[in-house]
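Values below: every heavy atom of this structure, side chains too, minus hydrogens, waters and symmetry copies.
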Amino acid sequence: VTPPDNRAKRPAVEAALKLNPVDPLTAFMISRQKIKESLLKGEDKFSINMYDGRRLSSLDFTIHGRSERTIKKKIHKVVKVTFKRKPIEGYTKNELRRMKKEEPVLTLYLSDDEYLLPIKADADAPLGVAVILLEKECATMEECGA
């Protein structure tokens, strides 16, 4: 970590606890796979431990099932999933205090296909609800202008 953390403010994550958690990008990829597996097994909950270089967290997921949802005037077959970050270690006192009041439950609506792409996300925020929407769908990179 550059610059190094001030240990008086941010406690270190114990070395042994850093061995099995994944980084945030890997957590995203693993969560998609775990959602697929959970849907096949009929399970509705799982957790992933994530280490971001400073903090160790548990991402606790709940799968609410499949449905159809109109998003941006189009009907989508979706899988509704919620998750919440739970602190384990490496958080400052201020971060922990803020998380008690403001840590949102994130609601994701994922495409109900092999890709499980996020189509919509809602998160409670201190001033209301933050909404993230998929801008457009492209079958090829050229269609998206890349």
Side-chain angles (χ1 to χ4, degrees), residues 1-67 69 71-72 76 78-146:
V1 176
T2 305
D5 284 321
N6 175 350
R7 290 296 167 223
K9 290 185 176 182
R10 179 179 303 285
V13 174
E14 186 181 324
L17 293 176
K18 295 183 205 177
L19 297 178
N20 291 324
V22 296
D23 61 89
L25 183 57
T26 304
F28 172 73
M29 301 305 286
I30 288 173
S31 66
R32 290 173 60 219
Q33 186 60 40
K34 285 191 165 276
I35 291 167
K36 287 179 190 179
E37 291 169 4
S38 295
L39 286 167
L40 287 172
K41 294 177 183 176
E43 297 172 352
D44 64 354
K45 292 185 187 302
F46 67 90
S47 295
I48 299 171
N49 282 355
M50 179 182 77
Y51 179 64
D52 67 7
R54 294 183 178 188
R55 294 166 292 265
L56 178 63
S57 308
S58 174
L59 302 179
D60 298 334
F61 290 81
T62 302
I63 300 168
H64 299 273
R66 294 178 154 110
S67 65
R69 196 147 167 118
I71 301 170
K72 293 180 78 172
H76 295 270
V78 297
V79 177
K80 180 181 176 183
V81 177
T82 57
F83 77 93
K84 185 170 179 123
R85 179 177 63 155
K86 192 165 52 178
I88 297 175
E89 209 168 290
Y91 285 83
T92 66
K93 289 179 184 176
N94 284 340
E95 287 172 332
L96 291 171
R97 188 172 26 256
R98 191 172 58 243
M99 285 178 81
K100 275 188 174 178
K101 295 180 199 171
E102 301 175 5
E103 187 67 14
V105 172
L106 190 63
T107 302
L108 300 172
Y109 297 94
L110 306 172
S111 60
D112 190 3
D113 57 20
E114 65 183 297
Y115 304 110
L116 290 173
L117 296 175
I119 297 172
K120 182 179 183 207
D122 299 329
D124 293 327
L127 299 175
V129 176
V131 178
I132 303 163
L133 293 171
L134 177 68
E135 180 62 29
K136 65 180 178 177
E137 298 176 60
C138 309
T140 65
M141 294 296 282
E142 290 78 23
E143 278 184 40
C144 282

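- Counting only heavy atoms from C-beta outward, the side chains of Asp112 and Val78 never approach each other to under 4.5 Å.
- Formation of a donor-acceptor pair under 3.5 Å by the Tyr51 side chain with backbone atoms of Gly53 is found in this model.
- Proximity of Ile63 to Leu39: side-chain heavy atoms (C-beta onward) are separated by under 4.5 Å at one or more points.
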Practice problem: Apply side-chain hydrogen bond (donor to acceptor under 3.5 Å, both in side chains) to Thr82 and His64, showing your working. | Solution: CA-CA 8 Å; Thr82 57; His64 299 273; 2.8 Å; yes

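- Side-chain polar atoms of Thr92 and Asn94 form no donor-acceptor pair below 3.5 angstrom.
- In this structure, Leu116 and Arg32 approach most closely via the heavy-atom pair CD1-O, 3.3 Å.
- Listed for the Glu103 side chain is no donor-acceptor partner under 3.5 Å among the backbone atoms of Lys86.
- Here the side chain of Asp5 pairs no donor or acceptor atom with the backbone of Arg7 at under 3.5 angstrom.
- Here the shortest heavy-atom pairing between Met50 and Ala27 reads SD-CB, 4.0 Å.
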Practice problem: Quick one: do Ile35 and Phe46 satisfy side-chain contact (heavy atoms from CB on, under 4.5 Å)? Show the steps, please. | Solution: CA-CA 8 Å; Ile35 291 167; Phe46 67 90; 3.8 Å; yes

Self-check item: Lys18/Leu56 under side-chain contact (heavy atoms from CB on, under 4.5 Å): CA gap, chis, key distance, verdict
Solution: CA-CA 8 Å; Lys18 295 183 205 177; Leu56 178 63; over 6 Å; no

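- The shortest heavy-atom contact between Lys72 and Glu135 is NZ-O, 3.4 Å.
- Residues Pro104 and Asp124 come closest through the heavy atom pair CB-O, 3.0 Å.
- Looking at Thr140 and Glu143, their side chains come closer than 4.5 Å, going by heavy atoms from C-beta outward.
- Shortest non-hydrogen contact noted between Ile30 and Val22 is CD1-CG1, 3.6 Å.
- Using modelled atom types, one side-chain atom of Ser38 and one backbone atom of Lys34 make a donor-acceptor pair closer than 3.5 Å.
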Practice problem: Apply side-chain contact (heavy atoms from CB on, under 4.5 Å) to Arg98 and Lys101, showing your working. | Solution: CA-CA 5 Å; Arg98 191 172 58 243; Lys101 295 180 199 171; over 6 Å; no

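- A donor-acceptor pair is defined here as one N or O able to donate and one able to accept, closer than 3.5 Å; such a pair exists between the side chain of Arg10 and the backbone of Gly90.
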Practice problem: Could you walk me through whether Asn20 and Asn49 pass side-chain contact (heavy atoms from CB on, under 4.5 Å), step by step? | Solution: CA-CA 8 Å; Asn20 291 324; Asn49 282 355; over 6 Å; no

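- Remark: Asp60 does not engage Lys84 in a salt bridge, criterion side-chain N to carboxylate O under 4.0 Å.
- Leu19 has its side chain out of reach of Leu17: every pair of non-hydrogen atoms, C-beta onward, lies at least 4.5 Å apart.
- Salt-bridge formation is detected for the pair Glu95/Arg55: a Lys NZ or Arg NE/NH1/NH2 atom is positioned less than 4.0 Å from an Asp or Glu carboxylate oxygen.
- Scanning all heavy atoms of the two residues, the minimum distance from Ala123 to Leu106 falls at CB-CD1, 3.4 Å.
- Side-chain atoms of Ser57 and Tyr91 form a donor-acceptor pair, as typed in the model, at a separation below 3.5 Å.
- Residues Ser31 and Ile48 are in side-chain contact: their nearest non-hydrogen atoms beyond the backbone lie under 4.5 Å apart.
- Using a 4.5 Å heavy-atom cutoff, the side chains of Phe83 and Leu108 are in contact.
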